[in-house]
Amino acid sequence: MNAIEDKIAVLPSLTPRIAPWMRQVANDKVLQQQLFETYGSPINVHALDKFEKNIMAYQEVLDRHELEHLIFYARKANKSKALVAKAKATGIGVDTASFNELKQSLEVGVASDKLVSTAAIKNEDLIKLAILNDVVLILDNEDECRAVSQIATQLNKRAIVGFRVSGFYHAGEKLYSRFGFDVDSVTDFIIKNVGWDKEFDNLEYRGLHFHLDGYSTSQRGEALHQTLQIAEELRSEKFETLFIDIGGGFLMNYLEDEEEWNAFKTQLKDAVQGNRLPITFQNQGLGYEMIDGVLHGNLATYPYYNTIHGPQFLEEILDFINADKKTAAFRLKEQSIQLRMEPGRSLLDQVGITMAKVAFRKRDSEGSLLIGLEMNMSQLMSSSADFLLDPMVVHMQSKEDTGIEGYFVGAYCLERDVILKRKIALKQIPDIGDVVIFINTAGYMMHFFETEAHLFDLSKNLSMDTSKEQFGIDDFIDDTLIN
Ligand SMILES: *Cc1c(COP(=O)(O)O)cnc(C)c1O
């Protein structure tokens with residue numbers, strides 16, 4: 001109709017932060033072809049040196065605050081063994097959330113005192129394995145205490161335990177969680193039930209744990225102070241708290257540009273309201289919806305752009321003050337309590353990419369361009385409504401820059417196997433065999449919901465040291481060969 005109409009048809013971009021090693025892989029078409037010939041599609045590549053750098057950045061903050069500390073890599077965020085081996089090599093611990101995660105970490109050689117089990121459901125095999133190896137079990141409820149105590153009796157061993165706490169108070173509200181003991185009753189519970197003359201006489205109390213949903217530093221700061229309070233009360237009853245574990249959920253920043261992020265959110269709302277052309281598959285709202293002509297809801301994706309993230313996010317928690325103006329870090333030192341943390345996603349920042357080959361191009365029944373990839377939706381999926389980063393598309397043969405837009409679709413026989421819900425702007429229509437690289441996928445995206453429907457093989461996981469100048473095919477280690 002007019003110039004405004006033209007302008008609002010332009011798709012918003014979401015430029016990812018891209019580590020140099022990712023560009024190096026993206027620029028090497030010969031290498032990509034060799035990788036696909038050897039491993040098939042899709043392939044996940046992991047940069048072990050980046051992982052180590054992320055660990056060191058957290059350690060720097062903890063050291064600067066002069067805290068006794070131990071970082072546990074929350075391995076549920078990624079399935080690769082190579083990362084567990086790297087965690088071991090750097091001297092940090094591993095947070096395990098299942099029997100197999102614990103078993104594998106023990107097999108890789110992670111020391112017992114560097115392991116913790118925070119599994120939400122702990123079956124007999126897991127409890128046995130943890131007790132036999134003196135691995136701390138983080139207890140969630142009374143039934144679990146009883147199960148652990150009974151199995152410890154059978155094994156004629158003591159179980160080393162911490163207690164997960166939840167229901168913290170923040171800004172006048174109690175924070176909901178399905179996990180853990182309530183902050184108001186956990187102290188009494190431990191005093192009444194744990195100890196040589198109590199029901200759970202073979203549970204050895206070592207510390208307290210929490211892991212909060214969401215990404216608020218003030219909620220975590222409050223939770224840490226309230227947990228410190230519990231530790232003080234327990235100390236007066238002769239329970240010494242050796243550690244407080246503040247869990248994970250440290251924010252990560254995926255995107256280059258805050259303005260792009262804000263523009264995207266505005267344009268998504270405009271599109272859902274019908275005020276511009278759709279920017280998502282079938283105009284999906286990703287959390288926004290129109291009800292009786294009014295826009296409702298909130299963006300249901302991970303907050304991909306963040307100014308405070310990683311080490312700085314930790315710093316805000318440690319510097320959080322209570323009513324007496326004492327920082328959490330100060331109180332931890334005052335009580336000689338070791339600070340533990342369990343970052344998963346944020347330790348994997350800039351650590352991984354997912355590469356897939358283009359299988360076909362077509363138009364759907366609405367005329368939209370679909371680009372079929374040799375992968376499926378479960379290989380790039382998190383609990384977030386969409387992965388909001390522009391992918392890199394490597395054209396084996398560059399042609400004229402024609403400008404086109406379309407959607408990437410996967411191999412599952414579901415209408416909803418659309419790998420990114422966002423419509424993506426491309427320089428040219430990809431050819432069959434061109435390569436699409438999804439950036440920064442190591443935290444949850446590549447593995448957490450991966451399934452083997454249709455009996456498709458799981459994706460291949462490779463790892464490497466990316467500080468090298470030149471990569472050859474032999475630098476990529478297949479994860480199944482790590483032991
Ligand atoms: C998931 C989880 C983590 C890791 O969370 P991230 O968001 O990946 O940092 C740590 N601890 C527990 C108990 C968890 O459930």
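Quick note: residue numbers are just sequence positions, from 1. For ligands, and for the atoms within them, numbers begin at 1 and follow the listed sequence.
In this structure, Asp125 does not pair ionically with Lys128, as no charged nitrogen and carboxylate oxygen lie closer than 4.0 Å. By the 4.0 Å N-to-carboxylate-O rule, Asp349 lies close enough to Arg17 to be salt-bridged with it.
Residues meeting the side-chain hydrogen bond (donor to acceptor under 3.5 Å, both in side chains) test with Tyr304, sequence neighbours left out: Ser384.
The aromatic ring centroids of Tyr302 and Tyr444 lie 6.0 Å or more from each other. In summary, the aromatic rings of Phe313 and Tyr215 are positioned with their centroids too far apart to meet the 6.0 Å limit.
The immediate protein surroundings of ligand 1, defined as residues with any heavy atom under 4.0 Å of it, consist of Ala74, Lys76, Asp95, Thr118, Arg164, His209, His211, Gly248, Gly249, Glu342, Pro343, Gly344, Arg345, Tyr444.
Inspection of the Thr441 and Asn44 side chains reveals no N or O donor paired with an N or O acceptor under 3.5 Å.
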